[in-house]
Chemist: 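Below: one structure in structure tokens.
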Amino acid sequence: DSISGSNEDMIATCTYLLLLPLILRCRNWKIILHQSLEPGCSYRSNLKDPLSPESMNSSTPPGDLTEEKRAKALKGRTYVLNELVQTEKDYVKDLGIVVEGFMNKIEEKGLLDDMKGKEKIVFGNIHQIYDWHSSYFLGELEKCLQEPERLAELFIKHERRLGMYVIYCQNKPKSEYIVAEYDSFFEEIKQELGQRLSLSDFLIKPIQRITKYQLLIKDFLKYSEKAGHECSEIEKAVDVMYLVPKRCNDMM
């Protein structure tokens, strides 16, 4: 009995060690979602705050200070919009690597016998996410560079569409398990594509992106308020982009 018990303990320990990277990875992407929902969480981009004391010109005459602040606030809004559009382009490119790279390569190469059917779980609805962002949403964000007032309405209008991220996140734990189980197969695909990042690195991108929208819109709201703009619609957009990641988190 003691020998049998030792064998069981050894098997349990080996199983835990094999799954440890997956457990840690799952914790990481749940932390990403959880931190974005914490009160006071703010986006720390590479942008320098135009309204910081260092950015203000000390020689500005007192009478021009309000107008100077407003101009810098508007400049800050433009910086945030540029950041939003540029990171969206990068995001669409990453999604394309998954859909047009990994998925196409796997279809061309063929699956291992015991993997058949599991590829649908691995990728979930990422093809749907890619199609929408590449064919529609990126273009709409680019229009906001010329018409910033469109931004809040864009996110409010598409709250239900963004629900596809809830479906993606609901599937994510099962996806991670399969990717870890067939790690050598996906590593081989990665090498054939000449990619530096692993499939897991790409599959976490949608989770990172859905949390980043809220943080960017918060910055947009901050600069809009300082510029003296009416901000009720932007506040609604912030609320929408708080709720979507919260729903994602609740489903996992």
Side-chain angles (χ1 to χ4, degrees), residues 14-15 17-33 84-142 158 160-213 244-245 247-249 251-252:
C14 291
T15 302
L17 290 174
L18 285 171
L19 291 177
L20 184 59
L22 171 61
I23 293 168
L24 294 175
R25 187 178 293 126
C26 289
R27 282 179 184 170
N28 286 339
W29 53 256
K30 291 202 74 172
I31 287 169
I32 290 169
L33 280 171
L84 181 56
V85 171
Q86 184 56 56
T87 53
E88 185 74 10
K89 289 178 179 177
D90 295 339
Y91 176 53
V92 168
K93 182 180 177 183
D94 287 336
L95 292 177
I97 291 172
V98 175
V99 174
E100 298 174 7
F102 280 92
M103 292 178 74
N104 285 354
K105 191 63 158 176
I106 289 170
E107 186 176 351
E108 169 192 318
K109 184 183 181 70
L111 294 166
L112 301 174
D113 289 339
D114 61 341
M115 274 187 69
K116 289 177 182 176
K118 294 182 179 179
E119 77 280 5
K120 294 177 182 177
I121 299 174
V122 168
F123 296 105
N125 63 334
I126 200 167
H127 204 312
Q128 177 192 18
I129 293 171
Y130 171 59
D131 287 345
W132 187 69
H133 281 269
S134 60
S135 65
Y136 175 75
F137 198 62
L138 173 56
E140 291 301 302
L141 284 177
E142 288 177 322
H158 293 297
R160 290 189 66 181
R161 170 69 72 170
L162 291 166
M164 60 188 171
Y165 280 90
V166 178
I167 297 171
Y168 184 82
C169 289
Q170 186 179 17
N171 179 70
K172 194 69 172 65
K174 292 180 285 185
S175 169
E176 284 285 354
Y177 184 87
I178 295 171
V179 172
E181 185 181 3
Y182 296 95
D183 179 65
S184 59
F185 174 80
F186 291 115
E187 177 65 22
E188 187 178 327
I189 299 290
K190 175 193 127 179
Q191 296 295 337
E192 290 179 13
L193 290 171
Q195 289 297 328
R196 181 176 58 85
L197 299 179
S198 69
L199 178 58
S200 290
D201 293 329
F202 283 108
L203 291 178
I204 202 172
K205 299 286 184 179
I207 295 175
Q208 294 171 330
R209 188 60 179 167
I210 200 62
T211 61
K212 193 170 185 178
Y213 286 130
V244 174
R247 292 179 191 129
C248 291
N249 191 57
M251 293 302 293
M252 293 188 298

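No hydrogens, no waters, no symmetry mates; every other heavy atom, side chains included, goes into these values.
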Chemist: Can you name the residues that form a salt bridge (charged side-chain N to carboxylate O under 4.0 Å, His left out) with E107, not counting sequence neighbours?
Modeler: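 E107: no salt bridge (charged side-chain N to carboxylate O under 4.0 Å, His left out) contacts found.
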
Chemist: Considering non-hydrogen atoms only, spot the tightest contact between K174 and I121 and give its length.
Modeler: CB-CG2, 3.7 Å

Chemist: Considering all heavy atoms of both residues, which atom of I207 and which atom of C169 are nearest to each other, and what is their separation?
Modeler: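 What the structure gives for the nearest pair is CG1-SG, 3.8 Å.
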
Chemist: State which residues pass side chain to side chain donor-acceptor pair (under 3.5 Å) with N125; sequence neighbours excluded, sorted by chain then number.
Modeler: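 With sequence neighbours excluded, N125 shows a side chain to side chain donor-acceptor pair (under 3.5 Å) to Q128, given in chain and number order.
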
Chemist: Quick check for you: to the nearest 0.5 Å, what is the distance between Q195 atom CD and F102 atom CZ?
Modeler: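 Q195 atom CD to F102 atom CZ measures 6.0 Å (nearest 0.5 Å).
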
Chemist: What residues, two or more places apart in sequence or in another chain, satisfy side chain to side chain donor-acceptor pair (under 3.5 Å) together with D113?
Modeler: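 So D113 forms no side chain to side chain donor-acceptor pair (under 3.5 Å) with any residue.
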
Chemist: Are any non-hydrogen side-chain atoms of L95 and P206 less than 4.5 angstrom apart?
Modeler: yes

Chemist: Yes or no on side chain to side chain contact (heavy atoms under 4.5 Å, CB included) for I178 and E119, after CA distance, side-chain angles and deciding distance?
Modeler: CA-CA 9 Å; I178 295 171; E119 77 280 5; over 6 Å; no

Chemist: Less than 4.5 Å apart, side chain to side chain, heavy atoms only: is that true for I126 and F202?
Modeler: no

Chemist: What residues, two or more places apart in sequence or in another chain, satisfy side chain to side chain contact (heavy atoms under 4.5 Å, CB included) together with L112?
Modeler: D114, M115, Y182, F185

Chemist: Within this structure, what is the OG1-CD distance for the pair T87 and Q208, rounded to the nearest 0.5 Å?
Modeler: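 Output value for this atom pair is 12.0 Å.
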
Chemist: A side-chain contact here means heavy atoms from C-beta on lying under 4.5 Å apart; do M164 and Y168 qualify?
Modeler: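 Sidechains of Y168 and M164: no contact.
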
Chemist: Are F186 and L203 packed together at the side-chain level, in the sense that at least one heavy-atom pair is separated by less than 4.5 angstrom?
Modeler: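 F186 does not reach L203 side chain to side chain.
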
Chemist: What residues form a side chain to side chain donor-acceptor pair (under 3.5 Å) with Q191, not counting sequence neighbours?
Modeler: E187

Chemist: If I compare all heavy atoms of I106 with all of L111, which pair ends up nearest, and what's the gap?
Modeler: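 So the two residues come closest at CG2-CD2, 3.4 Å.
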
Chemist: Identify the two heavy atoms, one from E176 and one from S200, that lie closest to each other, and give their separation to 0.1 Å.
Modeler: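 So the minimum-distance heavy-atom pair works out to OE1-OG, 3.8 Å.
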
Chemist: Restricting to pairs with a member in residues 89-101, which pass salt bridge (charged side-chain N to carboxylate O under 4.0 Å, His left out), not counting sequence neighbours?
Modeler: K89-E142, D94-K205

Chemist: Does a side-chain heavy-atom distance below 4.5 Å link L199 with I189?
Modeler: no

Chemist: Please list, chain by chain and in numerical order, all residues satisfying side chain to side chain donor-acceptor pair (under 3.5 Å) with K120, sequence neighbours excluded.
Modeler: none

Chemist: Rounded to the nearest 0.5 Å, what separation is found between the CE atom of M103 and the NE2 atom of H127?
Modeler: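 Rounded to the nearest 0.5 Å, the CE-NE2 separation comes to 5.5 Å.
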
Chemist: Counting only pairs under 3.5 Å, give me each side-chain donor-acceptor contact of residues 132-139, with atom names and distances, residues two or more places apart or in other chains.
Modeler:
residue : atom : partner : partner atom : Å
H133    : ND1  : E88     : OE2          : 2.7
H133    : NE2  : Y165    : OH           : 2.6
S134    : OG   : Y130    : O            : 2.7
S134    : OG   : D131    : O            : 3.4
S135    : OG   : D131    : O            : 2.5
Y136    : OH   : H158    : NE2          : 3.0

